[in-house]
Number of protein chains: 4
Amino acid sequence: MLNRVVLVGRLTRDPELRYTPNGVAVANFTLAVNRAFSNQQGERDADFINCVIWRKQAENVANYLKKGSLAGVDGRIQTRSYDNNEGKRVFITEVVAESVQFLEPRGSSNSNQGQGFGGGSPGFSGNDFGQQNQNQNQNRPSGGFNDDPFANDGKPIDISDDDLPF
Amino acid sequence: MLNRVVLVGRLTRDPELRYTPNGVAVANFTLAVNRAFSNQQGERDADFINCVIWRKQAENVANYLKKGSLAGVDGRIQTRSYDNNEGKRVFITEVVAESVQFLEPRGSSNSNQGQGFGGGSPGFSGNDFGQQNQNQNQNRPSGGFNDDPFANDGKPIDISDDDLPF
Amino acid sequence: MLNRVVLVGRLTRDPELRYTPNGVAVANFTLAVNRAFSNQQGERDADFINCVIWRKQAENVANYLKKGSLAGVDGRIQTRSYDNNEGKRVFITEVVAESVQFLEPRGSSNSNQGQGFGGGSPGFSGNDFGQQNQNQNQNRPSGGFNDDPFANDGKPIDISDDDLPF
Amino acid sequence: MLNRVVLVGRLTRDPELRYTPNGVAVANFTLAVNRAFSNQQGERDADFINCVIWRKQAENVANYLKKGSLAGVDGRIQTRSYDNNEGKRVFITEVVAESVQFLEPRGSSNSNQGQGFGGGSPGFSGNDFGQQNQNQNQNRPSGGFNDDPFANDGKPIDISDDDLPF
DNA sequence: TTTT
DNA sequence: TTTT
């Protein structure tokens with residue numbers, strides 16, 4: 001049945017990449033999606049939406065996205081449940097991403113890449129200045145912004161890996 | 001930011017209609033959305049997706065949909081949290097429906113409305129209990145399949161009612 | 001890049017099934033999607049949206065849907081152009097369906113099934129009546145409403161068949 | 001009925017802003033949306049999707065987006081037809097945007113739209129012309145990346161303006 | 001008639 | 001437990 005979700009938002013933290021016992025890659029991340037309207041305090045709330053992605057694209061997410069990255073997700077809503085350590089059934093609603101689009105040029109993220117560096121919010125001040133920028137372009141191994149590592153690779157997504165660690 | 005969800009599924013139970021202290025109608029319902037693929041036991045799992053809808057359309061949902069009704073939802077994902085009675089923070093992910101489409105002709109629902117019969121899967125055997133079903137039709141004011149009571153009435157949806165009972 | 005379309009509407013005519021020189025099945029159909037609001041004459045306009053679907057699902061569409069069938073489509077917008085017989089470039093915008101959901105029980109369509117019968121719009125008056133309806137159910141070869149022939153079969157959709165007849 | 005479209009792409013040219021005789025703003029633009037897969041020549045094709053947007057947001061689009069801008073659109077597909085000057089009926093399929101999201105930081109657009117100045121086109125080379133760019137920023141009332149001018153202003157969108165210039 |  |  002129809003079940004379609006499209007989101008654009010920013011990662012609240014670096015993605016977590018794991019592998020199932022069968023060696024299937026799976027990444028988890030949370031998107032903060034700002035609402036279009038303000039709350040009664042005049043602030044813009046955000047929705048924090050948990051996403052999962054599988055296989056090759058999971059590895060791409062882990063390699064190319066990090067805390068603060070702007071990304072688009074096309075997928076579907078999945079629900080599941082498990083019994084927690086207190087024996088209580090917990091219900092989970094999350095988005096299974098079928099494709100992810102990186103919405104920022106490489107290296108231009110606004111996050112603190114790596115430890116240190118005090119939560120600054122560089123914006124796009126990153127690598128804006130002239131010559132240097134051109135060098136950057138030339139340095140890029142191959143393609144630039146356009147060879148999207150998150151483009152759907154055409155292979156069907158197998159979600160029925162029973163050995164998932166969760 | 002972009003946040004869009006479209007679902008088609010069946011109500012797992014009758015919708016619950018409430019009113020905020022300010023008199024704003026809000027209805028909750030859960031859609032069972034069958035997955036497009038089978039699990040390892042060869043069964044089709046479903047996702048059970050909680051939905052909320054406000055105002056006039058909440059009343060429409062309560063009036064026209066019931067357990068088993070096939071419906072389409074266009075909306076967005078919302079997250080919120082609250083502290084439960086054990087003082088633990090609980091996180092909720094649900095769909096705020098902006099419009100709902102009734103996908104069955106009036107009176108043709110496959111659900112066993114009410115007690116008995118425990119979630120059977122009647123299919124379109126249709127007129128579940130014959131006479132009873134016809135009575136239902138007669139009780140309904142008028143309307144055919146086409147005057148969709150869930151058509152967006154064009155008014156913006158206000159979600160920032162602070163007095164929500166949850 | 002993100003390109004996602006979800007529609008629910010009724011086929012304006014029977015789907016057209018063809019095969020490329022390579023033997024790939026492709027079906028075309030048009031969905032009439034009623035608008036949520038009325039025009040200045042108080043009527044509900046509809047949008048008539050051309051859809052294409054490939055391979056196995058094209059054959060399913062041809063077998064299970066016909067004029068008047070209610071169906072859901074999940075896909076993306078595609079544009080293309082060709083030179084018409086007057087040597088003028090014509091631009092086409094259509095929806096490539098990746099999955100189609102049949103939203104009516106088998107045999108319950110409101111269309112004129114079969115030749116003749118002059119485009120009436122029976123609504124659900126079709127085959128609702130008692131015994132006949134039950135017969136229909138018993139005649140069903142196998143599954144019921146739930147074994148959706150349009151469920152995505154998990155195989156990727158190849159659109160790059162260069163020999164397409166259009 | 002359900003009719004939902006979500007796109008992310010780049011403007012192929014500056015948006016065109018007009019006003020109906022009634023003074024309603026309407027903007028047209030085309031999004032180039034790159035496909036997720038390559039064609040048989042190994043190139044990534046794009047779909048060129050015509051979009052329309054109304055009222056306040058039309059003016060925002062005209063003010064903030066230009067050729068090359070990366071933008072997200074949430075809307076629906078609309079079809080219409082008119083008789084061209086040769087008396088032939090022409091059918092149009094386009095997207096009516098209900099909200100548009102600007103996906104690049106202010107002033108960071110990647111397009112150099114030809115000669116001249118008009119809405120400078122820094123690209124991500126950043127502050128391409130140093131001072132000039134800063135002037136631009138200073139001229140802008142306030143706001144940074146976050147106060148999204150395309151956020152839905154909560155008012156319903158009226159599309160039934162009969163005096164549309166097309 | 002197309003964007004990066 | 002949240003992003004800009």
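Convention: sequence-line order gives letters A, B, ...; per-chain numbering from 1.
- Separating the CE atom of M1(C) from the P atom of dT4(E) is a distance of 10 Å, rounded to the nearest angstrom.
- For R89(C), the side-chain atoms get nearest to dT1(E) when compared with the rest of dT3(F), dT1(E), dT3(E).
- When the nucleotides dT3(E), dT3(F), dT2(E) are ranked by their closest atom to the side chain of T30(D), dT2(E) comes out on top.
- For L70(A) and dT3(F), the CG to P distance is 15 Å, given to the nearest whole Å.
- D14(A) has its CG atom 13 Å from the C1' atom of dT2(F), to the nearest Å.
- Rounded to whole Å, the distance from CZ on R10(A) to C1' on dT2(F) is 14 Å.
- Rounded to an integer number of Å, the gap from CZ of R13(D) to P of dT4(E) is 14 Å.
- Between the N34(D) side chain and the A46(D) main chain, no donor and acceptor come within less than 3.5 Å of each other.
- Comparing dT4(F), dT1(F), dT3(E) by their nearest atom to the side chain of K67(D) picks out dT3(E).
- Taking 4.0 Å as the cut-off between side-chain N and carboxylate O, R89(B) and D83(B) count as a salt-bridged pair.
- Counting to the nearest Å, the C1' atom of dT3(F) and the CZ atom of R35(A) are 14 Å from each other.
- Of the listed nucleotides (dT2(E), dT3(F), dT2(F)), dT3(F) has the atom at the smallest distance from the side chain of A46(A).
- What separates CG of D45(D) from C1' of dT3(E) is a distance of 13 Å, to the nearest Å.
- No donor-acceptor pair closer than 3.5 Å links the side chain of D47(B) to the backbone N or O of I49(B).
- Atom CG of N28(A) is separated from atom P of dT1(F) by 19 Å (rounded to the nearest Å).
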- Message: Using the rule given for side chain to side chain donor-acceptor pair (under 3.5 Å), can you reason through Y64(D) versus E104(D), listing the C-alpha separation, both sets of side-chain angles and the distance that settles it, and then say yes or no?
- Response: CA-CA 10 Å; Y64(D) 295 89; E104(D) 288 171 322; over 6 Å; no
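- Of the listed nucleotides (dT2(F), dT4(E), dT2(E)), dT2(E) has the atom at the smallest distance from the side chain of N50(D).
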